[in-house]
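Side-chain atoms are counted along with the backbone in the values below, which use heavy atoms only and exclude waters and symmetry mates. Every number for a ligand or one of its atoms is a count from 1 in the order of the listing.
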Amino acid sequence: MSKATTSLLVQGYEVVIGFETHAQLSTQSKIFSRASTAFGAEPNTQACAVDLALPGTLPVMNKGAVERAIQLGLALGSHIAPRSVFARKNYFYPDLPKGYQISQFEIPVVQGGSVEFFLGDEKKTVRLVRAHLEEDAGKSLHEDFIGQTGIDLNRAGTPLLEIVTEPDMRSSAEAVAYAKELHKIVTWIGICDGNMQEGSFRCDANVSVRKPGGPLGTRREIKNLNSFKFMQQAIDFEVRWQIEQIEDGLEIQQATVLFNPDTGETRAMRTKEDAADYRYFPDPDLPPLVVAPEWVERVRSEMAELPRVMAARFVADFSLSEYDANALTQSKDIAGYFEAAIAAGAQPKLAANWIMGELARRLNGQDLDIAQAPVSAAKLAQLLVRIADSTISNNAAKQVFDTLWSDADAQVDAIIEAKGLRQMNDTGALETIVDTVIAANAKNVAEFKAGNSKALNALVGQIMKASQGKANPGQINEMLKAKLA
Ligand code: ADP
Ligand code: MG
């Protein structure tokens with residue numbers, strides 16, 4: 001696999017990326033007709049007269065699609081246009097029965113806004129240009145075995161929201177992080193099921209390179225990236241290819257390209273059309289889309305707490321770092337698990353560490369979702385309470401967690417007793433051990449007093465051993481330092 005480009009310069013060139021993402025909206029019926037949008041039906045069983053463009057049929061706007069667009073706009077801090085316009089985008093292709101696609105051109109419903117995310121621990125902001133409503137086309141089915149191509153119009157008229165960014169991204173890693181964040185948001189607010197294999201969330205990456213400080217280079221658009229892995233591979237290949245062209249003294253031609261996962265290469269499909277080629281004009285069959293402020297407010301009042309807002313609340317209420325809060329709001333399920341653990345008495349920072357550390361590691365190892373975690377949030381909370389009240393050490397807690405993971409009926413306190421994991425909290429008993437170890441290790445004591453702080457570790461180790469691992473390392477450290485000062 002290729003390595004993500006994270007540094008700003010690749011062979012002295014700056015990478016510039018802008019995204020156009022098609023999110024299929026999760027309405028039951030199509031954007032301008034009442035046919036079903038369900039995936040996987042027999043070809044042409046879900047295409048009604050409107051989708052087939054039979055003469056005399058007229059489009060009727062689906063309110064649910066507009067509401068979903070408003071939701072995205074509110075989630076991303078965009079302006080919701082009080083009046084937007086549907087246009088006809090004219091082109092000829094067998095899977096487009098009308099000979100035009102209904103889309104929004106000059107005045108889209110969602111304008112501006114931004115997507116914020118972390119790249120490693122660096123915070124990034126990608127500005128949106130717009131998000132507009134449009135209908136999907138049908139599909140050509142190339143039936144190689146009979147040497148014919150069939151058309152399936154089930155997808156024709158499926159509602160899409162095309163989300164367009166400014167050319168703000170500077171590496172394939174940043175582009176993938178953006179796409180993952182956008183994917184998280186659309187699925188979180190529930191406007192799109194996010195299923196990339198079924199094509200519900202497909203990204204076009206516009207890629208160019210330039211010498212730092214120079215004007216923008218000519219872009220090529222990689223179409224229909226439907227996995228995060230391919231996205232990164234495709235962009236990395238494209239960047240190397242463009243740099244090679246330029247270094248060879250050739251010019252980049254604006255083009256639409258496809259990524260082939262089998263070869264790992266991008267290849268030009270067609271030279272890019274200009275807007276003029278599409279002869280856009282307002283669709284006379286559809287009145288302007290009017291979104292009254294009351295409608296926007298109603299949609300806002302019905303929306304669940306957004307990940308960004310929730311993360312800010314975690315920072316304010318639980319004193320978590322922005323990084324932790326962001327990690328805990330990667331999905332509704334993770335956030336829900338964290339909140340349930342807190343409600344059951346877990347200390348927030350400890351819960352955050354365990355959910356993103358021990359729990360995440362095991363879930364990943366078994367390819368499980370947090371919703372399938374064998375240890376409930378309430379049970380994890382019981383365990384964390386025992387760390388917080390010094391009954392057990394963090395290490396001992398991992399052993400308890402092991403048992404909880406494999407045995408659904410196991411109880412935290414019973415495991416602690418059965419395994420004898422209780423920490424030694426009796427200061428008198430510990431003091432005896434500490435004194436014994438100090439007396440028996442004169443050399444280490446002398447070294448520590450001479451300024452070798454590492455010698456203390458040897459003493460702590462001895463004491464832990466003598467206590468059969470039940471002493472509290474923090475307490476030992478304090479005691480040793482006091483005695484050897
Ligand atoms: P078009 O309407 O022809 O598709 P747009 O101006 O709408 O072109 O841009 C489409 C996408 O390409 C946007 O996401 C934009 O950010 C991106 N883009 C524009 N110019 C460049 C460039 N030079 N390099 C990379 N991406 C670009
Ligand atoms: Mg465009």
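With ligand atoms numbered from 1 in the order given, ligand 1 contributes 14 (O) to contacts under 4.0 Å with heavy atoms of Phe19. Distances below 4.0 Å separate heavy atoms of Gly217 from the following atoms of ligand 1: 23 (N). Of all atoms in ligand 1, listed by their number and element, those nearer than 4.0 Å to a heavy atom of Glu20 are 4 (O), 10 (C), 11 (C). Less than 4.0 angstrom separates some heavy atom of Leu216 from each of these atoms of ligand 1: 23 (N). Numbered from 1 in the order shown, with element, the atoms of ligand 1 that lie under 4.0 Å from a heavy atom of Pro167 read 16 (O), 26 (N), 27 (C).
Applying the side chain to side chain donor-acceptor pair (under 3.5 Å) rule to Gln382 yields no partners; only residues at least two apart in sequence or on another chain are considered.
Environment of CD in Glu166: crowded, with over 12 heavy atoms of neighbouring residues, nucleotides or ligands closer than 6.0 Å.
Of the N or O atoms in Val207, none lie within a sub-3.5 Å distance of an N or O in ligand 1. Residue-to-ligand polar distances place Thr165 within reach of ligand 1: an N/O pair is separated by less than 3.5 Å. Where the criterion is an N or O separation shorter than 3.5 Å, residue side chain and backbone included, Thr218 fails it with respect to ligand 1. Any N or O atom pair closer than 3.5 Å counts here, and Glu221 shares no such pair with ligand 1.
Between Tyr280 and Phe105, the ring planes are parallel. Angles under 30° get that label, and only those over 60° would be called perpendicular.
Proximity of Glu166 to ligand 1, defined as any heavy-atom pair under 4.0 Å, is confined to the backbone N, CA, C and O atoms. Heavy atoms of Val164 found under 4.0 angstrom from ligand 1 belong exclusively to the side chain.
The shortest heavy-atom contact between Ser26 and Arg68 is OG-NE, 3.0 Å. Contact record, Gly113 with Ser78: CA-OG, 3.7 Å, taken as the closest heavy-atom pair.
A donor-acceptor contact closer than 3.5 angstrom is absent between the side chains of Asn90 and Arg279. Checked by atom type, the side-chain pair Glu247/Tyr13 shows a donor-acceptor distance below 3.5 Å.
For the salt bridge (charged side-chain N to carboxylate O under 4.0 Å, His left out) with Asp283, the qualifying choice from Lys89, Arg88, Lys98 is Arg88, the only one to do so.
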